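It should be emphasised that the depicted structure is a prediction, and the values quoted were computed from it without experimental measurement. Naming: A, B, ... by sequence-line order, numbering from 1 per chain.
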Number of protein chains: 4
Amino acid sequence: MWFTSDNASGAAPEIMAALTRANEGNARSYGAEAQMDQVRDLVRRIFEAPEAAVHLVTTGTAANALSLSLLTPPWGAVYCHSHAHIAEDECGAPEFYSGGAKLVPVGGAHGRMAAEGLEAAILRAKGAGVHGVQPGAVSITNVTEAGTVHSASEIAALAGVARAHGVPVQLDGARFANALVATGATAAEMTWRAGVDVVSFGGTKNGCLGVEAVVIFDPAKAWEFELRRKRAGHLMSKHRYLSAQMAAYLQEGLWLRLAGHANAMAARLARGLAEMPEVDLLHPVEANMLFPEWPEGRHASLEAAGASYYPMPSPMGRERARLVTSWSTTEAEVDQFLAALRG
Amino acid sequence: MWFTSDNASGAAPEIMAALTRANEGNARSYGAEAQMDQVRDLVRRIFEAPEAAVHLVTTGTAANALSLSLLTPPWGAVYCHSHAHIAEDECGAPEFYSGGAKLVPVGGAHGRMAAEGLEAAILRAKGAGVHGVQPGAVSITNVTEAGTVHSASEIAALAGVARAHGVPVQLDGARFANALVATGATAAEMTWRAGVDVVSFGGTKNGCLGVEAVVIFDPAKAWEFELRRKRAGHLMSKHRYLSAQMAAYLQEGLWLRLAGHANAMAARLARGLAEMPEVDLLHPVEANMLFPEWPEGRHASLEAAGASYYPMPSPMGRERARLVTSWSTTEAEVDQFLAALRG
Amino acid sequence: MWFTSDNASGAAPEIMAALTRANEGNARSYGAEAQMDQVRDLVRRIFEAPEAAVHLVTTGTAANALSLSLLTPPWGAVYCHSHAHIAEDECGAPEFYSGGAKLVPVGGAHGRMAAEGLEAAILRAKGAGVHGVQPGAVSITNVTEAGTVHSASEIAALAGVARAHGVPVQLDGARFANALVATGATAAEMTWRAGVDVVSFGGTKNGCLGVEAVVIFDPAKAWEFELRRKRAGHLMSKHRYLSAQMAAYLQEGLWLRLAGHANAMAARLARGLAEMPEVDLLHPVEANMLFPEWPEGRHASLEAAGASYYPMPSPMGRERARLVTSWSTTEAEVDQFLAALRG
Amino acid sequence: MWFTSDNASGAAPEIMAALTRANEGNARSYGAEAQMDQVRDLVRRIFEAPEAAVHLVTTGTAANALSLSLLTPPWGAVYCHSHAHIAEDECGAPEFYSGGAKLVPVGGAHGRMAAEGLEAAILRAKGAGVHGVQPGAVSITNVTEAGTVHSASEIAALAGVARAHGVPVQLDGARFANALVATGATAAEMTWRAGVDVVSFGGTKNGCLGVEAVVIFDPAKAWEFELRRKRAGHLMSKHRYLSAQMAAYLQEGLWLRLAGHANAMAARLARGLAEMPEVDLLHPVEANMLFPEWPEGRHASLEAAGASYYPMPSPMGRERARLVTSWSTTEAEVDQFLAALRG
């Protein structure tokens, strides 16, 4: 019963198998290996973006921070949701990579950035002249930190505000597959067709060992990205171990199948919770994260039953939790958790 | 016949097997997994340093740049050999990570830093007052970029100069195992006993997929390192895949066996080259790199025979090359190369 | 009728005279001139801090950003009021100088930081572990951006929260003299006795041409400050022109007389506004800034009458303004402004 | 007998008078004052560059570091003479401002950068691919640190190499006026006509209190410069005190007259030294700096006679010195120095 995070799960068998195959013999290094060509082709086909630049890194923080450093100057404001991962969980990586940009929080219910709030924030910066930071970039997270999902048209609305003011848009897609499965949108609809410039396209949380693709729709920015990546120590020498993972992940829809399973397990968990009147859900369950609240005392009994997850700050008399399902969550685990919660 | 670099080779079977085992089930993330405890124990035992902090990252550039940023202020001079990897092959990573420190080249024959040159450079900085950068750190590479090796007492001499001026010392040990095998020194003799503060202890080039340990002998610096690593996007979430590699690498002397093989293959190659009067070696062959020079025309015939390696800038009528052997180089490959060169 | 800012006024005659005197003959440069010794003595005596380090720079932004870079690591949170000058009016200078620290806004009525809000923010950071930025420094502004004043005991309360958590404290005293005059506190009571570590002690807005003193109560940090200042291009070569201003400013209480006059002019203006029922004051007038709100249409008539000041974003049917008095504001200007407003 | 540096001299009477006049009444701040319009006109006329952007800062280090940060990316190499001021005397300011660029020294006799050395260095960087820093900018100093002068055609040759490789060019003109007087070139010939993109045009060393103009020939870069300057704390609020100095400096050829005097005093000193067979000059005297070498013992007698200057590292039995003349050096001082040296 592991629901701490989707990074507690292992790698999918198809991906481990690909890694093992990739280990045969010598190979060119630094991304010049054959598998990377395959990755590039797969990503471009999936995103319907034949010119897109595709680069691999090992962590979501690197993918986000490098992407943003490509879009914002050091004196830029990066607009993101108040609880965005880049704002709260990356120890200032965007500030480090960008040379000191300022993250400007934009509110919005259930983890979704509000378009009016975004516009207001951009207008404030424009009015500040030389004394204030300038609009730099917008960062949208999908799946959001609250486990909700932006539809492609919501992304388009936010990106529309940004582009009307000449501000580029990054998508933090650490759980991009889960968002596509949840909305039924295509990768293209959710990104460049909606106005997104760069995507952090996650693999790690969804069955890889550790690989994220950065997809840059304007190939003119690719060389700068490569230099920034190298300079940050994120260009792997035995790069084939990244490209082999990503190639296996993207082949034959594995990535969508894995995410579909994770989302389905979350839905099963949500249905079970909905049947318990003493349990509330703080946010709609739309992908693979749940934020339930239950009466005081359940943490102890769940722990005793062997459940792992993160407790959250809670009001008096109640307990809150974050639960995350993954590609490897089983129905049995879900049912066992529900049973333990029922007591 | 791959001699381009030791990063062209794959991972050793023991390490792939460990990775596959580590993939079972769920695990705690971000280094809280059980394998990391094992790595810490192994490293401390090998280095005879029971208090040392041990952290893993995926690339040598990250290991070096993070280490140096721990030792030098932004206004510091980092003394390194004129042809050090950090100076020539990391796209300014030390400058990026340190917030703008200045790499100050120190000369020395065959890739080895000269102690007098180091002292002169430190004294120059001390005389510059507030107008110049201040002594920040010394970075020594072992195995050097010329394929030679510093003995433990040479390291101690350099570190002695540094410490006499209050300057901390980092060791770039991307090929640390090869250096130990070549000199017969212990890990402790080559590092903290010689006056080294932080080591980049490489695994990638010697049979891992991609993992380097940063060993910090003063544990008071460990927390800062962790924050810097996270902020740089170098804290892997599924960290078990790093610790599993490193644990397998360090168990039962695998790391030394692999390096011993690589060095032996280089020695075999060197012996073969020594028998050809038209071939010179630009640097003594002490570990797993060779820098031969031969008559013009051999590049073409070697390429035709299927050999891969890096040609180097060469004088008129001659051709220079860099050849690197690895844990997976075979005697057959070496002999085949020599035969092809003989023509 | 200039009320745009206290930086619209010129330099006081005593200060221009000192500058002219300082221009005689040759002098040592970079702060080694005799006047700097005098400045150091004066500042130490005024602050009752015989060990304090004292350094001069030309702008408040430099004083603040350099001070903060001394106190916070790049991965630190700098707690400041939501509308602090460092947050809104310095184009990200603290982020630049600190290497990417994050400004964390703390609320509070009328521009004063609330101690509970500060404590809550520090506790949040402590709970985030390696994934979040760490408590770095607290920056308190006195006079605040709303023209109100923190008493020495309010400063002590805020600094007490900070110090209880091991967080150092900077005071942005661009209008420090005005704050002392307003509260009757001594320089020592308002700073180190209250727990402040570093002060930006402003001269420019209060009758100098352009000089701010950075007062560092722990002299062990002085050398780092000097290196940071030089590296930022803020070490003036003909430094005597800074020290001459500051020496004249501090002699015979000139600085307090000038600030006393500015505050008195603001009080006179406030009394006049209080007599007009259609005019509200958004914040208490405690030093030399006023934030009145009056009926729509007055901007036009005031402009026609020759008044200069900044209009502010306003609600329907009303107009808001910021008015700042200075050492050179005259009673006649104040009365003329009030007459024009009365219409 | 002050020959320590041209920053030991005061401000010329015309400039102090202008400062005193500028102090009258209130003025708009941050460069919106009337005097700045005048400065812009004067600079554009002098440089025959009607579109040039003109910005003022208080130090040469700020002018250089801000200029370079406009031209080079953080992963760029900045090519400069091995003994350039930016390399040796600015405590890493270019590295700080650029976000970690690397200064790459280029040799050349008597302080002048050699065009072949520059080309070789650029070609090396181009060959390094993603692993090395990329060509970023060239920085030429005129007057050089050795007191020699690049002619306009020498500047054009260096800039020609840079531009052929797409690398922009900055001119460190801390002693720009002295260089023009020495060569007879016009400001335009020495800069944009020769291929220079940005000039640090010094005033401080030549009779101002502390002001340098940054002249940017491509006005599209002006806004970025303004943001960088503000963010660095180098936008003066009472900016009129900078523009008043610069306006007076540029009016009626004052700047060239002052530099002409400084150069003439250096020439007089050089003539006197040439008459002493025991005195050598290490570099040709072309502007206002001299590097004599004389027999051991003269430092003591000169000091006893009241001479101030910097002694330099010297060979056995000899003594070396740096002497700098300025706008305020008198013939009497020169003759007195020569007499003291003769003994």
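- C/E119 places no side-chain N or O within donor-acceptor distance of the main-chain N or O of C/G117, the cut-off being under 3.5 Å.
- Between B/H85 atom NE2 and B/D172 atom CG the span is 7.5 Å, to the nearest 0.5 Å.
- Taking a cutoff of 4.0 Å between a charged side-chain nitrogen and a carboxylate oxygen, C/D41 and C/R44 do not qualify as a salt bridge.
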**Request:** Please lay out, stage by stage, how C/L250 and C/V43 fare under the test side-chain contact (heavy atoms from CB on, under 4.5 Å).
**Result:** CA-CA 8 Å; C/L250 296 179; C/V43 170; 3.5 Å; yes
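- Ring-centre distance between B/F47 and B/F176: below the 6.0 Å cut-off.
- In plain terms, the two heavy atoms of B/L103 and B/P105 that are nearest each other are O-CD, 3.6 Å.
- Note that the CD atom of B/E33 and the CG atom of B/N26 stand 13.0 Å from one another [nearest 0.5 Å].
- Among the residues in residues 50-69 of chain C, none has a non-hydrogen atom closer than 4.5 angstrom to a non-hydrogen atom of chain B.
- In this structure, B/Y249 and B/G202 approach most closely via the heavy-atom pair OH-O, 3.1 Å.
- Within the 3.5 Å criterion, the main-chain N or O of C/W255 finds a donor-acceptor partner in the side chain of C/N206.
- Within the 3.5 Å criterion, the main-chain N or O of C/V211 finds a donor-acceptor partner in the side chain of C/T204.
- Counting all heavy atoms, side chain and backbone alike, C/Q35 lies closest to C/A22 at NE2-CB, 3.5 Å.
- Summarising the geometry, atom SG belonging to C/C80 is positioned 11.0 Å from atom CD1 belonging to C/I140; distances are rounded to the nearest 0.5 Å.
- Side-chain contact between B/L158 and B/V138: absent, with no pair of heavy atoms (C-beta onward) separated by less than 4.5 Å.
- For residues 225-245 of chain C, a heavy-atom distance under 4.5 Å to chain B picks out C/E226, C/L227, C/R228, C/K230, C/R231, C/L235, given by residue number.
- Side-chain atoms of C/D197 never come within 3.5 Å of backbone atoms of C/Q170 as a donor-acceptor pair (strictly under, hydrogens ignored).
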**Item:** Derivation of the side-chain contact (heavy atoms from CB on, under 4.5 Å) call for C/V199 and C/W192
**Value:** CA-CA 9 Å; C/V199 185; C/W192 64 268; over 6 Å; no
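- Contact annotation for residues 70-78 of chain C against chain B (heavy-atom separation below 4.5 Å, listed by residue number): C/P74, C/W75.
- Residues from residues 121-134 of chain C that place a non-hydrogen atom less than 4.5 Å from a non-hydrogen atom of chain B comprise C/G129, C/V130, C/H131, C/G132, C/Q134, given in numerical order.
- For the pair C/M246 and C/C208, the minimum side-chain heavy-atom distance is 4.5 Å or more.
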